[in-house]
Amino acid sequence: MMKSFAAAFVLLASATAPAFGADYDATEKSPLYELHLRIPATAMTIAPLKEKILALYKSDADQAKSDAKEDKQDNPSFHPYSIDTVWRVTFESEAVVSLSADTNADTGGAHPNEAFQTLVWDKHANRAVPVEALFAPDQVKAALGAIADAAAKAWTKTYVQRSGQQPGPEADVAKDGIGADPDKLKNYALTYAKGQTTANGIVLLYGAGQAWPHVLGDFRLAVPASVFAKYLAPPWKAVFGAN
């Protein structure tokens with residue numbers, strides 16, 4: 001089954017790819033699932049980036065297909081899974097392109113789930129840039145600490161706006177998901193202001209229930225470049241206009 005899907009996936013990625021300059025948009029449907037993937041044209045023109053995104057999709061699709069097959073066997077009220085993944089460009093310059101993906105998944109639970117993926121791509125080196133790589137090696141600890149602190153404050157502000165009260169135990173739970181650790185800050189994307197050619201900060205993306213009760217929803221925490229500009233490695237100072 002895995003082998004046949006791998007072949008089908010290659011066919012989907014090649015035969016249904018749109019003409020140069022257009023977004024990639026493909027849907028795969030069966031009695032068990034409906035999977036949709038959209039990738040902006042910008043990403044499709046960079047071969048290693050395109051391959052990376054398609055590989056991420058394949059991993060998610062394989063898991064969804066396996067879960068759906070197992071669920072149908074044990075669930076008399078099973079309904080087909082529906083998973084929609086849309087990638088968007090959040091910032092682009094001559095040196096870098098930043099993308100985020102929003103996945104909406106209805107997999108038979110009490111409510112649909114939303115998840116995020118991000119890729120900040122160095123065009124010259126043709127590789128993904130983890131958040132810690134933005135900073136000078138001896139400044140990583142300080143930079144991540146400053147980002148985590150700003151993100152925690154942004155989380156609290158959003159919580160209060162949504163609930164009308166200060167966070168209680170949820171504040172402690174949030175600390176498990178937001179911290180000065182590359183893994184806890186890995187879902188980051190670059191942001192910019194309209195009309196500007198340099199990035200003005202980052203946004204950290206957390207899905208509902210990822211580090212706190214699902215009722216709190218998704219959190220998109222903006223951290224302005226002023227928080228971490230002094231820690232940037234020289235090549236990234238230009239990207240953020242921090243020279």
Side-chain angles (χ1 to χ4, degrees), residues 1-2 4-19 21-72 78-92 97-121 127-131 177 183 185-191 202-211 214 217-221:
M1 175 124 179
M2 293 291 289
S4 63
F5 171 67
F9 179 82
V10 171
L11 182 62
L12 178 71
S14 58
T16 66
D23 289 352
Y24 176 96
D25 198 307
T27 299
E28 186 178 0
K29 192 172 183 179
S30 86
L32 293 177
Y33 54 79
E34 181 171 341
L35 309 177
H36 172 251
L37 174 67
R38 187 177 182 87
I39 307 171
T42 294
M44 294 299 292
T45 63
I46 303 173
L49 175 56
K50 176 184 72 173
E51 292 167 6
K52 176 70 173 178
I53 293 175
L54 289 175
L56 289 171
Y57 167 76
K58 181 180 182 302
S59 177
D60 291 344
D62 283 349
Q63 186 63 55
K65 291 180 177 185
S66 175
D67 291 347
K69 182 179 179 181
E70 183 178 345
D71 190 7
K72 182 175 174 56
F78 172 84
H79 66 82
Y81 285 12
S82 175
I83 302 177
D84 182 27
T85 299
V86 177
W87 285 86
R88 300 177 177 87
V89 175
T90 68
F91 172 77
E92 185 175 16
V97 59
S98 170
L99 304 106
S100 69
D102 190 350
T103 296
N104 288 286
D106 182 357
T107 55
H111 42 66
N113 291 313
E114 186 169 19
F116 298 108
Q117 297 178 84
T118 63
L119 277 171
V120 176
W121 194 263
R127 63 189 178 199
V129 182
V131 65
D183 192 57
L185 304 176
K186 66 183 179 181
N187 272 358
Y188 85 102
L190 307 188
T191 59
I202 65 173
V203 61
L204 299 165
L205 305 174
Y206 297 94
Q210 188 169 334
H214 196 286
D218 305 309
F219 280 77
R220 308 181 188 215
L221 308 177

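Here the straight-line distance linking atom CG of Leu35 with atom OG of Ser30 works out to 7.5 Å at 0.5 Å rounding. Once rounded to the nearest 0.5 Å, the distance linking CH2 of Trp121 with CG of Leu190 reads 14.0 Å. Taken to the nearest 0.5 Å, the CZ atom of Arg88 stands 11.0 Å off from the CG atom of Asp23. From His214, atom NE2 reaches atom CD of Glu114 across 9.0 Å, with rounding to the nearest 0.5 Å. Expressed to the nearest 0.5 Å, how far OG1 of Thr107 lies from NE2 of His79 amounts to 8.0 Å. With values rounded to the nearest 0.5 angstrom, Gln117 atom CD is found 9.0 Å from Ile53 atom CD1.
In this structure, Val203 and Thr90 have side chains that are not in contact, with every pair of non-hydrogen atoms separated by 4.5 Å or more. Put simply, the side chain of Asp60 does not reach to within 4.5 Å of the side chain of Thr85, judged on heavy atoms. Counting heavy atoms from C-beta on, the side chains of Tyr24 and Leu37 come closer than 4.5 Å. At a threshold of 4.5 Å between non-hydrogen side-chain atoms, the residues Ile83 and Tyr33 do not count as touching.
Shortest non-hydrogen contact noted between Gln210 and Leu205 is OE1-O, 4.5 Å. Scanning both residues, Leu185 and Tyr188, for their nearest heavy atoms gives O-CB, 3.7 Å. For the pair Trp87 and Leu99, the tightest heavy-atom approach, listed with the atom from each and the gap, is CE3-CB, 3.8 Å. Taking each heavy atom of Ala211 and Gly177 in turn, the nearest pair found is CB-CA, 3.5 Å. The shortest non-hydrogen separation linking Tyr81 to Asp67 is OH-O, 3.6 Å. Looking at every heavy atom in both residues, Pro31 comes nearest to Pro80 through O-CG, 3.4 Å.
For Asn187 (side chain) and Leu204 (main-chain N/O), no donor-acceptor pair under 3.5 Å exists by modelled atom type.
Salt bridge absent: Glu28 and Lys58 never bring a charged side-chain N and a carboxylate O closer than 4.0 Å. Between Lys65 and Asp62 there is no salt bridge, since none of the side-chain N atoms of the basic residue sits less than 4.0 Å from a carboxylate O of the acidic one.
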Side chain to side chain contact (heavy atoms under 4.5 Å, CB included) for Phe116 and Asp102? Distances and angles first, verdict last.
CA-CA 5 Å; Phe116 298 108; Asp102 190 350; 4.0 Å; yes
Take Leu32 and Phe78 through the side chain to side chain contact (heavy atoms under 4.5 Å, CB included) test and state the conclusion after the steps.
CA-CA 9 Å; Leu32 293 177; Phe78 172 84; 4.0 Å; yes
Does the pair Lys50 and Thr45 meet the rule for a side chain to side chain contact (heavy atoms under 4.5 Å, CB included), with working shown?
CA-CA 7 Å; Lys50 176 184 72 173; Thr45 63; over 6 Å; no
Decide side chain to side chain contact (heavy atoms under 4.5 Å, CB included) for Leu56 and Leu119; before the verdict, give the C-alpha distance in whole Å, the side-chain angles of both, and the deciding distance to 0.1 Å.
CA-CA 11 Å; Leu56 289 171; Leu119 277 171; 4.2 Å; yes
